[in-house]
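Order of the sequence lines sets the chain letters (A, B, ...), proteins ahead of strands, with each chain counted from 1. What you see below is based on every heavy atom in this structure, not just the backbone, and it leaves out hydrogens, waters and symmetry mates.
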There are 2 protein chains.
Amino acid sequence: MADVPVSVMTRADEAFDCLQTAIVKGELAPGEKIGEVELCARFDLTRGPLREALGRLESRGLLVRRPHAGVKVVSVSAEELLELYRIREVMEGLAARQAAERMPEDEIRALQSTLDSHEHLIEQAKGQAYYQAEGDYDFHHRIATGSRNTKLAQMLLGDLYYMVRMYRYRLSTSAGRPHMALEEHRRIVEAIARRDGELAEFLMKRHINAARCNIEKKFQEGLLTF
Amino acid sequence: MADVPVSVMTRADEAFDCLQTAIVKGELAPGEKIGEVELCARFDLTRGPLREALGRLESRGLLVRRPHAGVKVVSVSAEELLELYRIREVMEGLAARQAAERMPEDEIRALQSTLDSHEHLIEQAKGQAYYQAEGDYDFHHRIATGSRNTKLAQMLLGDLYYMVRMYRYRLSTSAGRPHMALEEHRRIVEAIARRDGELAEFLMKRHINAARCNIEKKFQEGLLTF
DNA sequence: AAGGTTTGGATTGTTGACAATTTAAGCTTA
DNA sequence: TAAGCTTAAATTGTCAACAATCCAAACCTT
């Protein structure tokens with residue numbers, strides 16, 4: 001009766017997770033050129049598994065790699081960040097529609113209760129942009145998985161969200177409109193609960209479009225520099 | 001004045017390309033369990049670069065890997081294939097809209113001329129489903145890059161298309177409707193040339209939806225078994 | 001004979017050393 | 001002094017051997 005390994009983690013998996021979170025949290029700044037040996041020392045790995053993890057991260061677009069010249073963290077421009085939201089708009093719109101068609105009742109209830117806790121968080125800790133962002137991430141995460149579209153969830157959770165979160169740590173994206181965002185979330189869940197896929201898609205697209213406009217406005221005001 | 005390397009290919013890159021095309025062409029059947037040493041012998045590599053390539057392919061969803069148990073080619077079910085087309089519908093719709101906004105004139109002309117050659121191919125080699133599929137791929141490829149949305153093109157070209165092509169080799173997807181598909185392509189390019197993004201998006205979504213329905217019908221007829 | 005257990009083989013994961021390439025500093029030359 | 005070339009150090013890419021883990025066949029037990 002030994003310890004049952006819930007999910008065997010290989011060294012390469014560890015390296016992948018470590019690097020991914022390090023990039024998302026900003027410990028490795030965008031555009032920063034990083035050496036392999038330096039990374040090995042930092043995360044206590046050898047170069048074999050590290051290189052495998054680097055390959056995965058490059059394939060996901062979080063790193064760029066020039067042969068014999070080293071790897072550096074990807075740095076997306078302001079325009080590219082806005083383009084990311086255009087992609088989110090259509091993909092998450094689809095996710096919302098399919099979630100309305102297929103999300104189980106218990107998951108919907110769980111989603112509603114998380115919105116309640118988000119409401120408390122907003123009232124309690126005003127200005128805690130970090131936790132608001134995490135709550136927002138949680139909401140979108142649940143809808144992506146609720147769509148029961150394997151590949152869609154994989155692309156959203158494995159590609160786009162990491163990229164978005166990477167910049168949310170710096171931008172505090174939805175900082176200015178917490179109540180409005182929560183209200184929009186409520187409406188979306190409402191549509192899902194009523195199994196109105198068309199409405200859920202429309203509301204989700206408008207929700208993400210609003211977030212994009214919010215960022216765009218901040219850029220135009222010159223408050224954010226990349 | 002030595003040979004100038006247009007793009008330095010490392011062994012891992014070679015391995016990645018070889019495996020990717022092998023999977024797409026069906027030389028490695030879906031669900032087939034493949035050993036590392038076998039692959040090394042087959043493509044004349046060592047296990048170091050191979051492992052890096054395997055990591056990349058796993059990250060892109062073409063392989064599934066269980067620790068210490070080996071890798072096997074991903075096998076998607078009929079439902080998952082149809083879900084893939086749902087994703088294509090929204091993403092390529094966006095690509096068409098953005099292409100209408102930003103595709104340079106010369107690229108549009110090149111796209112039109114490729115459609116002309118596709119027409120010749122259809123008339124000449126009737127039933128050559130393979131080349132038709134390649135022409136179809138070429139069309140969607142050009143629009144994806146024409147959108148000038150880096151991440152969108154990356155996701156379409158790097159993820160979805162390989163997966164779709166992998167099954168097109170077996171299904172000959174658009175085999176039954178070559179002229180109709182070409183006509184739809186023409187209309188889409190027309191909308192792009194007129195810079196009518198909204199129409200281009202609508203037409204592209206309908207085009208892909210028609211392809212999905214075509215596959216679905218074949219499944220319901222029981223002609224295709226997975 | 002059926003089920004569980006054990007052991008051997010094979011395969012994967014990891015490591016450290018070696019080879020190839022790039023970058024940048026240092027020197028020469030116009 | 002600035003531009004170009006040379007060279008050397010540092011870094012990346014590659015290789016082959018070693019250790020850890022899983023799978024399957026054979027064995028024993030009930």
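- Comparing B:V71 and A:A69 against DNA chain C, the residue whose closest nucleotide sits nearer the 5' end is B:V71.
- Here CG of A:D136 is found 11.0 Å from CZ of A:R165. Values are rounded to the nearest 0.5 Å.
- When rounded to the nearest whole Å, the span between CD of A:E14 and P of C:dG13 equals 14 Å.
- Taking atom NZ of B:K72 as the reference point, atom P of C:dT12 lies 14 Å away to the nearest angstrom.
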Can you name the atoms? Protein N/O to nucleotides 5-7 of chain C N/O, anything below 3.5 Å, with the distance.
none

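- Taking only side-chain atoms of B:H68, from C-beta outward, the nucleotide of D:dT21, D:dT14, D:dC23 with the closest atom is D:dT21.
- Of the candidates C:dT12, D:dT14, C:dT23, C:dT12 carries the atom nearest the B:R51 side chain, counting heavy atoms from C-beta on.
- Cation-pi geometry between A:R88 and A:Y85 is met: under 6.0 angstrom from the ring centre, within 45 degrees of the axis.
- Every pair passing salt bridge (Lys or Arg N to Asp or Glu O under 4.0 Å) that includes a residue from residues 142-151 of chain B is listed here, sequence neighbours excluded: B:E107-B:R148, B:D138-B:R142.
- Contact annotation: the side chain of B:L94 approaches that of B:R97 to within less than 4.5 Å [non-hydrogen atoms, C-beta and beyond].
- Going from atom CZ of A:R11 over to atom C1' of C:dT15 covers 11 Å, rounded to whole Å.
- Remark: P of C:dG13 and CG of A:L50 are 16 Å apart, rounded to the nearest angstrom.
- Under the 3.5 Å distance criterion, the side-chain polar atoms of A:S77 are matched with a main-chain donor or acceptor of A:E80.
- Shown here are the ring-ring contact (aromatic ring centres under 6.0 Å, His included) partners of B:F139, two or more places apart in sequence or in another chain: B:H185.
- Atoms OG and CZ, from A:S147 and A:R102 in turn, are 6.5 Å apart once rounded to the nearest 0.5 Å.
- Considering only the side chain of B:P49, D:dT14 comes nearest among C:dT23, D:dC23, D:dT14.
- Note that the two end axes of the helix from C:dA1-D:dT30 to C:dA30-D:dT1 enclose an angle of 10°, each drawn from 5 base pairs, rounded to 10 degrees.
- Going from atom CD1 of B:I23 over to atom CG of B:L63 covers 4.5 Å, rounded to the nearest 0.5 Å.
- Listed by chain and residue number, nothing satisfies the side chain to side chain donor-acceptor pair (under 3.5 Å) test with A:Q154 (two or more places apart in sequence, or in another chain).
- The side chain to side chain donor-acceptor pair (under 3.5 Å) test applied to B:D116 returns B:R186, not counting sequence neighbours.
- Among A:R56, A:R65, A:R47, the single residue meeting the salt bridge (charged side-chain N to carboxylate O under 4.0 Å, His left out) criterion with B:E52 is A:R65.
- Within residues 55-64 of chain A, no residue has any heavy atom under 4.0 Å from DNA chain D.
- Take A:Y162 and apply the ring-ring contact (aromatic ring centres under 6.0 Å, His included) test, not counting sequence neighbours, and it matches no residue.
- In this structure, A:D13 places its CG atom 14 Å from P of D:dT21, rounding to the nearest Å.
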Extract from the structure each pairing of a protein N or O with an N or O of nucleotides 16-19 of chain C at less than 3.5 Å, listing the distance.
none

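- A:H68 meets the ring-ring contact (aromatic ring centres under 6.0 Å, His included) test with no other residue; sequence neighbours excluded.
- Contacts of residues 32-40 of chain B with DNA chain C (heavy atom under 4.0 Å): B:I34, B:G35, B:E36.
- Rounded to whole Å, the distance from CZ on A:F16 to P on C:dG13 is 16 Å.
- The separation between A:E52 atom CD and C:dT15 atom P is 12 Å, rounded to whole Å.
- With salt bridges taken as basic N to acidic carboxylate O contacts below 4.0 Å, none links A:E83 and A:R212.
- Between B:T10 and the phosphate of D:dT14, there is a side-chain N or O to OP1/OP2 separation shorter than 4.0 Å.
- Of the options A:I143, A:D106, A:I188, a side chain to side chain contact (heavy atoms under 4.5 Å, CB included) to A:L111 is made by A:I143 and by none of the others.
- Residues B:V76 and B:M166 fail the side-chain proximity criterion, which asks for heavy atoms closer than 4.5 Å.
- Scored by the side chain to side chain contact (heavy atoms under 4.5 Å, CB included) test, B:C213 finds B:N209 as partners (sequence neighbours excluded).
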